[in-house]
Amino acid sequence: MALLRWRVCASHQRLDSFLMVGRFLQSGVTPRSLHSSGRRLHAASAAVAIRFRPLYVLLGTGGGYAGYKQYEDYKDRQLQRRGIDVPPRVANTWEVAIYKSVPTRLLSRAWGRLNQVELPTWLRKPVYSLYIWTFGVNMKEAAVEDLHHYRNLSEFFRRKLKPQARPVCDSHCVISPSDGKILHFGRVKNCEVEQVKGVTYSLESFLGPQNWTENLPITKTSFQDQLVTKEGNELYHCVIYLAPGDYHCFHSPTDWNVYHRRHFPGSLMSVNPGVARWIKELFCYNERVVLTGGWKHGFFSLTAVGATNVGSIRIYFDRDLQTNSPRYSKGSHNDMSYVTNNNQDGIVMRKGEQLGEFNLGSTIVLIFEAPKDFTFNLKAGQKIHFGEAVGSM
């Protein structure tokens with residue numbers, strides 16, 4: 001009986017196979033072509049599998065490396081809380097090369113376009129509230145507290161403050177040009193500037209060749225000495241980091257004349273303190289706008305440094321400036337002089353006057369000449385607001 005059942009089933013299977021072949025023949029598809037198609041399908045599947053394997057390896061490796069870095073940073077923070085000074089771990093050349101290969105300029109342009117998209121009125125409050133909660137934004141200082149007023153993210157990032165929210169200090173000659181965190185400050189030594197404690201960058205690489213004005217001496221050998229115009233003066237610097245939740249506009253830190261603008265197209269790597277401790281000469285790699293001029297004590301400069309998603313740096317009095325533009329290539333710079341035959345004073349700025357803005361958090365670097373008795377009224381790592389004292393004689 002079992003043998004009879006097996007034969008019946010086998011007969012049914014042969015009949016089904018015969019009918020299937022008949023249907024393929026009727027449709028014009030031969031068994032050989034079917035077999036070839038099967039081989040092509042198998043080869044295509046294998047190719048797809050091979051094509052995606054490097055992506056998995058890259059994601060796995062990158063994720064593992066990022067996790068390792070986070071763990072190292074966590075250990076450093078624990079040691080710092082115990083009062084133990086942790087030397088910075090500077091990135092290797094290959095690590096910097098990998099980071100620079102990320103298309104941060106393209107991503108920042110895409111982010112800029114996204115910021116311009118007008119949000120529906122019903123969506124504005126939940127989106128902005130999430131940002132306020134994440135980055136600790138104080139909307140009570142904003143000139144307009146109503147979140148529905150801001151049509152897109154860009155308007156919200158560039159919100160203005162109430163006039164009384166940031167009083168300008170009159171007793172000190174240099175004030176903070178923005179809200180932010182003090183990363184480092186002090187005297188410039190050996191043509192090197194510290195972006196954070198223990199990690200430096202070249203003064204000449206940062207500012208570029210000294211040819212922006214004929215008034216500065218060019219007979220001195222050291223680039224640092226060329227910037228010092230008065231006998232007995234020293235060169236000082238101050239680095240201020242603007243977090244995403246900070247007020248994004250920046251102002252004039254003193255009474256001075258802006259003679260020259262130099263724009264460096266470059267990378268747009270993150271400039272948060274952790275990355276600044278990791279990558280040497282980070283500020284020299286990134287896109288930046290250098291404003292140079294003079295104040296009552298000699299040379300003065302303010303540099304706005306771009307960062308990831310901060311390709312847009314705007315200077316209010318310079319409509320020709322276009323940052324993060326595809327037409328500019330990395331490694332170059334373009335100059336603009338504000339001194340003309342009809343205007344020998346350049347752009348006259350008063351302390352506290354509005355100067356420019358970022359699209360998101362970034363960094364401001366002040367490099368200036370002052371007498372030897374100039375003292376900073378700061379502490380490294382402190383939070384500072386626009387208008388508060390930086391230093392004085």
Side-chain angles (χ1 to χ4, degrees), residues 168 170 172-178 188 193 203-204 206-220 223-231 233-238 240 249-265 283 287-306 312-323 325 328 332-358 362-371 374 386-387 390-393:
V168 176
D170 294 327
H172 289 70
C173 59
V174 181
I175 62 170
S176 175
S178 65
V188 178
V193 185
L203 179 64
E204 186 171 5
F206 183 68
L207 296 179
Q210 191 267 80
N211 57 6
W212 49 76
T213 178
E214 298 177 355
N215 296 327
L216 294 180
I218 58 176
T219 56
K220 300 180 181 179
F223 183 83
Q224 178 177 337
D225 292 338
Q226 292 176 18
L227 300 180
V228 178
T229 61
K230 297 183 179 180
E231 190 70 27
N233 281 0
E234 297 283 351
L235 206 61
Y236 299 86
H237 78 281
C238 179
I240 305 171
C249 297
F250 51 94
H251 301 244
S252 176
T254 191
D255 296 333
W256 65 307
N257 295 51
V258 184
Y259 299 139
H260 184 270
R261 179 260 290 167
R262 175 168 287 158
H263 171 218
F264 290 87
F283 299 157
E287 182 161 14
R288 59 198 181 276
V289 177
V290 181
L291 300 178
T292 55
W295 69 320
K296 60 183 179 180
H297 298 294
F299 172 79
F300 199 97
S301 73
L302 179 148
T303 302
V305 183
S312 175
I313 303 172
R314 183 182 174 192
I315 304 297
Y316 293 140
F317 57 74
D318 192 339
R319 295 183 179 181
D320 295 329
L321 176 64
Q322 291 185 355
T323 56
S325 174
Y328 296 126
S332 62
H333 67 264
N334 53 85
D335 294 347
M336 173 74 177
S337 176
Y338 302 124
V339 177
T340 63
N341 293 330
N342 298 327
N343 179 19
Q344 294 294 319
D345 295 330
I347 306 296
V348 180
M349 299 297 301
R350 294 288 173 253
K351 185 168 66 173
E353 187 177 352
Q354 287 192 342
L355 184 55
E357 64 187 31
F358 294 108
S362 196
T363 300
I364 295 286
V365 180
L366 302 179
I367 299 176
F368 56 93
E369 173 186 359
F374 180 88
F386 153 64
V390 166
S392 188
M393 269 65 72

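It should be emphasised that the depicted structure is a prediction, and the values quoted were computed from it without experimental measurement. No hydrogens, no waters, no symmetry mates; every other heavy atom, side chains included, goes into these values.
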Nearest-0.5 Å distance that lies between atom CZ in R314 and atom CZ in R319: 8.5 Å

Mutual orientation of the aromatic rings belonging to F368 and F374 [parallel < 30°, tilted 30-60°, perpendicular > 60°]: perpendicular

4.5 Å side-chain heavy-atom contact, S252 and R350: no

V390 to S176 - nearest heavy-atom pair and separation: CG2-N, 3.3 Å

Set of ring pair (Phe, Tyr, Trp, His ring centres under 6.0 Å) partners for F317, sequence neighbours left out: Y338

Flag side-chain contact, heavy atom, 4.5 Å: V174 against K351: no

N/O donor-acceptor pair under 3.5 Å between N233 side chain and V228 backbone: no

Close side-chain approach of V193 to F206, heavy-atom, < 4.5 Å: no

Flag, side chain of T254 to backbone of W256, donor-acceptor distance under 3.5 Å: no

Rounded distance [0.5 Å steps], CD1 in I347 versus CG in D318: 8.0 Å

From OG (S178) to CD1 (I240), nearest 0.5 Å: 4.5 Å

Smallest separation among heavy atoms of L302 and P253, with atom names: CD1-CD, 3.8 Å

Close side-chain approach of F386 to I175, heavy-atom, < 4.5 Å: yes

Over all atoms of both residues, closest heavy-atom pair of H172 and S392: CD2-CB, 3.6 Å

Heavy-atom pair with the smallest gap, counting every atom of T229 and G298: OG1-CA, 3.6 Å

Side-chain donor or acceptor of H251 paired with backbone N/O of G352 under 3.5 Å: yes

C238 side chain reached by Y236 side chain, heavy atoms, under 4.5 Å: no

Charged N-O contact under 4.0 Å between D335 and R262: yes

Geometric class of the F358/F250 ring pair [parallel <30°, tilted 30-60°, perpendicular >60°]: tilted

Pairwise side-chain contact, I315 with R261, heavy-atom cut-off 4.5 Å (strictly under): no

Non-hydrogen side-chain atoms of H263 and T323 separated by less than 4.5 Å: yes

Interatomic distance, H297 atom NE2 to E234 atom CD [nearest 0.5 angstrom]: 14.0 Å

For C249 against Y316, the heavy-atom pair lying closest together: SG-OH, 3.6 Å

Sole candidate of V289, L207, L291 that passes side chain to side chain contact (heavy atoms under 4.5 Å, CB included) when paired with T303: L207

P177 and L355, any side-chain heavy atoms less than 4.5 Å apart: no

Heavy-atom donor-acceptor pair, Q224 side chain to V188 backbone, under 3.5 Å: yes

W295 side chain vs E369 backbone, donor-acceptor pair below 3.5 Å: yes

Atom pair OG1/CG of T340 and D345 - distance to nearest 0.5 Å: 9.5 Å

